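Below is one structure, written out as structure tokens; the observations come after it.
Please read all numbers here as calculations on a predicted model, not as lab measurements. Each ligand, and each atom within it, is numbered from 1 in the order the structure gives.
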Amino acid sequence: MNGGVCIIGAGTSGLAAGIASTKYLRGTVCIFERNAESGRKFLLSGSGQCNVTHAGPIADFLNHYGGTKKVRFVKPALFAFDNIAVMRFFEQRGVSFLKREDGKIFPKSLKSQDLLNVLITEFRGQGGILQTETVVKNVSKVDAGFLLATNRGEFRAKKLILATGGQSYPSTGSQGDGFRFAVQQGHRLVKPKPALTPIIVRNYSFADLSGISFWSANIEVHRNSKRLTSGQGDILLTHRGLSGPGILNLSRNMEPGDELRVTLAEPKKFVPNIFSGKKTLKNALQHFGLAERFLMQILKSFSVTPDQPVAETNRETRKKLESILTSYPFVIESLGGWNEAMVTSGGVILEEVNRQTMESRIVPGLYFCGELLDIDGDTGGYNIQFALSSGFLAGNSSQNCL
Ligand SMILES: Cc1cc2nc3c(=O)[nH]c(=O)nc-3n(C[C@H](O)[C@H](O)[C@H](O)COP(=O)(O)OP(=O)(O)OC[C@H]3O[C@@H](n4cnc5c(N)ncnc54)[C@H](O)[C@@H]3O)c2cc1C
């Protein structure tokens with residue numbers, strides 16, 4: 001079979017690219033997908049509920065992709081198919097959304113399957129061909145376009161869109177093949193690494209307290225005694241370390257050996273008389289609103305009992321308690337691997353891709369979208385939004401220039 005536009009990967013970005021390109025190219029667009037079903041990762045998203053995007057103004061999205069260097073790149077795609085356009089697209093096809101207090105957008109049914117069905121139905125309804133259980137093994141450039149070698153034979157394409165995702169959750173099908181194809185075509189990569197991942201903490205003493213959360217904690221990442229970066233967000237104690245949006249969002253910048261300093265209790269809550277009067281230590285510390293089990297553990301580590309009157313607690317211990325609650329040190333033993341990371345940071349380097357069209361600057365007719373690019377977003381719907389936006393832009397541009 002020969003296709004006008006071929007897309008590798010029927011995940012979030014590949015389906016968006018397919019929908020955009022079939023809009024005008026009936027019957028000539030084909031998506032190859034290794035799995036028997038499309039969108040495995042999309043189905044898992046948001047614990048199966050799919051946090052598809054965020055409610056904030058689209059201009060606010062720009063800073064959620066890991067720093068100022070990424071802003072210029074993500075802007076044309078995000079503005080071409082923004083969060084309002086995404087919601088409108090699904091609403092026109094019968095989906096209703098709900099907005100959580102934190103601005104995250106989910107389908108009202110809380111079923112990612114409902115959104116995935118819309119994407120697949122739309123693509124097929126416009127005449128797109130979805131060829132599942134087809135693994136693309138090799139991509140080569142030929143005169144009239146591209147030759148794809150698959151487990152089902154060879155296919156030719158005039159334009160090729162790589163939508164193979166990154167490397168995280170390889171069981172969903174994204175196993176890093178797209179990085180290999182991009183390199184074969186002369187592209188360079190920023191080394192892919194797991195991101196939006198929990199961390200394992202060295203000499204961790206809170207394994208028994210897994211499940212306890214801290215709301216909106218300040219987190220500083222220190223390397224070689226220098227502050228590298230910081231952020232704010234909820235933290236969750238796990239069996240082996242830390243997770244929660246505050247940790248996940250900063251994980252792209254972390255390395256084993258880094259020290260995190262976490263503000264568990266706000267310094268301003270340390271009023272001068274907190275340790276005065278006839279209170280016990282336990283009563284005094286309850287002022288901070290932290291989980292009692294956590295405070296008991298902290299007191300135990302100071303070899304003091306919860307019922308000890310504050311008046312009988314020496315100044316040094318009180319100072320140390322204050323210091324540890326306002327800047328708790330955690331040393332990173334390791335970061336979660338590919339099976340735990342929700343996304344891949346790194347990927348096809350952005351300078352070699354035209355951000356207005358998603359076309360390669362090296363190989364005309366080759367397009368990229370989604371996580372394969374050196375773009376990874378914060379939690380909150382930013383990754384699916386970018387996958388849909390960049391897929392839409394790649395699909396649109398590829399059919400425009402046929
Ligand atoms: C557990 C989990 C929860 C998440 N929750 C959210 C969330 O709530 N909100 C959010 O914004 N983001 C979330 N994400 C991230 C988001 O799902 C991804 O960033 C997004 O789906 C990436 O889209 P993509 O199209 O780039 O890649 P994918 O969706 O991974 O699609 C790539 C597709 O390409 C196929 N493929 C790869 N290589 C080949 C090949 N050689 N031949 C044929 N097919 C191939 C794969 O099988 C796969 O179907 C979550 C991720 C995980 C793992």
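Here Ser13 has heavy atoms under 4.0 Å from ligand 1 in both its backbone and its side chain. When non-hydrogen atoms are compared, ligand 1 lies under 4.0 Å from the side chain of Ile8 (C-beta onward) but not from its backbone. Under 4.0 angstrom from ligand 1, the non-hydrogen atoms of Phe32 all belong to its backbone. Contacts between Val52 and ligand 1 below 4.0 angstrom, taking non-hydrogen atoms only, are absent altogether. For Asp177, every heavy-atom contact with ligand 1 shorter than 4.0 Å involves the side chain, none the backbone. Using a 4.0 Å cut-off between heavy atoms, Ala163 contacts ligand 1 through its backbone alone, with no side-chain atom that close. By the criterion of a heavy-atom distance under 4.0 Å, the side chain of Asn35, and not its backbone, is placed next to ligand 1.
Given atom 20 (C) of ligand 1, the protein heavy atom at minimum distance is Thr12 OG1, 3.7 Å.
For Ile384, a nitrogen or oxygen atom sits less than 3.5 Å from a nitrogen or oxygen atom of ligand 1, counting backbone and side chain alike. On a distance-only criterion, Gln385 and ligand 1 share no N/O pair closer than 3.5 Å. Looking at Cys369 next to ligand 1, no N or O pair under 3.5 Å apart turns up.
Contact annotation: Ser168 has no heavy atom less than 4.0 Å from any atom of ligand 1. Remark: distances from the non-hydrogen atoms of Glu33 to ligand 1 include one below 4.0 Å. At least one heavy atom of Tyr382 lies less than 4.0 angstrom from ligand 1. No heavy atom of Leu15 sits closer than 4.0 Å to any atom of ligand 1.
Aromatic rings of Phe61 and Phe386 (six-membered ring for Trp) have centroids beyond the 6.0 Å cut-off, not under it.
Heavy-atom contacts from other residues, nucleotides or ligands closer than 6.0 Å to CG of Asn224 number 12 or fewer. No more than 12 heavy atoms of other residues, nucleotides or ligands lie within 6.0 Å of CZ in Arg240, so this atom counts as exposed by the packing criterion.
Between Pro192 and Phe179 there is a side-chain heavy-atom pair separated by less than 4.5 Å.
Applying the side-chain contact (heavy atoms from CB on, under 4.5 Å) test to Lys193 and every residue at least two apart in sequence or in another chain returns Ser345.
Under a 4.0 Å N-O distance rule, the pair Arg34/Glu133 does not qualify as a salt bridge.
A salt bridge (charged side-chain N to carboxylate O under 4.0 Å, His left out) with Glu316 is found for exactly one of Lys319, Arg318, Lys320, namely Lys320.
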